[in-house]
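Here the structure is laid out as structure tokens; the discussion comes afterwards.
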Amino acid sequence: MNEQASIPAVSEELRSLVCHHIDGIADVLHGALCRNRVWAGDVAQWQRANLGKLTAAMIRLNLLTATIAEHMSHAGASGETLAQCLQIDMDDVDVRITAAAQARLDGFTGKPPSSERQAYWHEAGRRIAAGR
């Protein structure tokens with residue numbers, strides 16, 4: 001029996017979400033790269049500009065990895081598998097999968113919001129899905 005036959009295909013929704021965020025992260029990083037090539041300001045301005053852009057990219061990347069991990073969790077991935085994929089200790093898996101990632105995935109997949117506190121992230125997921 002072919003072992004690959006039991007592995008489900010990656011959903012269009014998940015691929016779309018990943019592409020949306022990778023495009024955004026790449027745009028932020030490309031902007032920082034281009035700005036650095038022609039920088040003429042002082043070092044304090046350079047530090048603020050770079051840290052702001054790099055932090056924005058890092059936050060988006062962390063949210064993306066948490067959202068993928070949440071998707072894997074919904075699909076039945078074990079805590080051990082999630083820890084291996086995230087390259088973290090098993091005790092940290094629940095910390096990495098944030099409420100924001102859960103709400104955004106729910107909005108993206110059309111599930112109702114689980115709480116009002118996460119309405120912003122749920123709406124963000126819904127808007128990303130609508131823009132595909």
Side-chain angles (χ1 to χ4, degrees):
M1 179 179 168
N2 182 356
E3 291 181 27
Q4 294 288 54
S6 64
I7 299 173
V10 177
S11 69
E12 175 63 32
E13 291 86 8
L14 185 58
R15 285 195 330 265
S16 177
L17 181 66
V18 169
C19 289
H20 170 83
H21 283 287
I22 290 174
D23 284 346
I25 293 164
D27 286 346
V28 170
L29 293 176
H30 186 258
L33 177 66
C34 290
R35 194 173 305 106
N36 271 292
R37 287 186 173 149
V38 297
W39 189 262
D42 66 40
V43 70
Q45 291 173 325
W46 178 86
Q47 289 169 336
R48 279 192 300 277
N50 277 291
L51 283 178
K53 292 295 183 186
L54 295 174
T55 300
M58 180 184 67
I59 289 168
R60 199 165 189 171
L61 184 57
N62 284 337
L63 185 57
L64 175 58
T65 58
T67 303
I68 293 170
E70 173 64 7
H71 186 275
M72 290 173 64
S73 177
H74 277 246
S78 69
E80 183 178 340
T81 298
L82 291 169
Q84 288 173 347
C85 291
L86 292 168
Q87 301 176 27
I88 58 175
D89 291 331
M90 273 191 54
D91 295 341
D92 296 331
V93 170
D94 289 339
V95 173
R96 183 61 68 102
I97 301 176
T98 62
Q102 292 168 350
R104 204 166 62 124
L105 184 61
D106 286 346
F108 190 78
T109 58
K111 293 180 184 171
S114 56
S115 77
E116 279 301 310
R117 293 186 59 196
Q118 297 301 329
Y120 172 83
W121 292 110
H122 187 273
E123 178 63 17
R126 194 194 63 71
R127 283 193 319 269
I128 293 167
R132 304 185 249 177

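- Under the 4.5 Å side-chain heavy-atom criterion for ILVMFWY residues, no single connected hydrophobic cluster contains both L63 and L86.
- For H122 (side chain) and K111 (main-chain N/O), a donor-acceptor pair under 3.5 Å exists by modelled atom type.
- Closest approach of A99 to Q118, counting heavy atoms only: CB-NE2, 3.6 Å.
- Under the 4.5 Å side-chain criterion, counting only non-hydrogen atoms from C-beta, L17 is in contact with R104.
- No donor-acceptor pair closer than 3.5 Å links the side chain of T55 to the backbone N or O of G52.
- Under a hydrophobic-cluster definition in which Ile, Leu, Val, Met, Phe, Trp and Tyr are linked whenever side-chain heavy atoms come within less than 4.5 Å, directly or via other members, I88 and L64 are assigned to the same cluster.
- With contacts defined as side-chain heavy-atom distances shorter than 4.5 Å, the pair M72/C85 qualifies.
- Put simply, the side chain of D89 never gets that close to the backbone of D91: no donor and acceptor are under 3.5 Å apart.
- For D106 and W121, the side-chain atoms include no donor-acceptor pair closer than 3.5 Å.
- Here NZ of K53 is found 13.0 Å from NE2 of H30. Values are rounded to the nearest 0.5 Å.
- D92 places no side-chain N or O within donor-acceptor distance of the main-chain N or O of V95, the cut-off being under 3.5 Å.
- Under a cut-off of 6.0 angstrom, the local environment of CG in N50 is crowded, with over 12 non-hydrogen atoms contributed by other residues, nucleotides or ligands.
- Note on I59: it does not cluster hydrophobically with L51, by side-chain heavy-atom contacts below 4.5 Å among ILVMFWY residues.
- Taken together through direct or relayed side-chain contacts under 4.5 Å among Ile, Leu, Val, Met, Phe, Trp and Tyr, I128 and V28 form parts of separate hydrophobic clusters.
- Residues H20 and S16 are not in side-chain contact: their nearest non-hydrogen atoms beyond the backbone lie 4.5 Å or more apart.
- Screening L82, T81, L105 for a side-chain contact (heavy atoms from CB on, under 4.5 Å) involving S73 leaves a single residue, L82.
- Within the model, atoms CD1 of I68 and CD1 of I97 stand 11.5 Å from one another, a figure rounded to the nearest 0.5 Å.
- How far CZ of R96 is from CG of D94: 12.0 Å, rounded to the nearest 0.5 Å.
- When the shell of 6.0 Å around CZ of R15 is examined, it contains more than 12 heavy atoms from other residues, nucleotides or ligands.
- The side-chain heavy atoms of L54 and L29, taken from C-beta on, include a pair separated by under 4.5 Å.
- Remark: H71 NE2 to F108 CZ distance equals 9.0 Å, nearest 0.5 Å.
- Shortest non-hydrogen contact noted between W46 and W39 is N-CZ2, 3.2 Å.
- Atom CD of residue Q102 and atom OG1 of residue T67 lie 9.5 Å apart, to the nearest 0.5 angstrom.
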(request) Begin with the C-alpha distance, continue with both residues' side-chain angles, and end with the deciding distance and a verdict on side-chain contact (heavy atoms from CB on, under 4.5 Å) for R126 and E123. (result) CA-CA 5 Å; R126 194 194 63 71; E123 178 63 17; 2.5 Å; yes
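- The nearest pair of heavy atoms linking R60 to G24 is NH1-CA, 3.4 Å.
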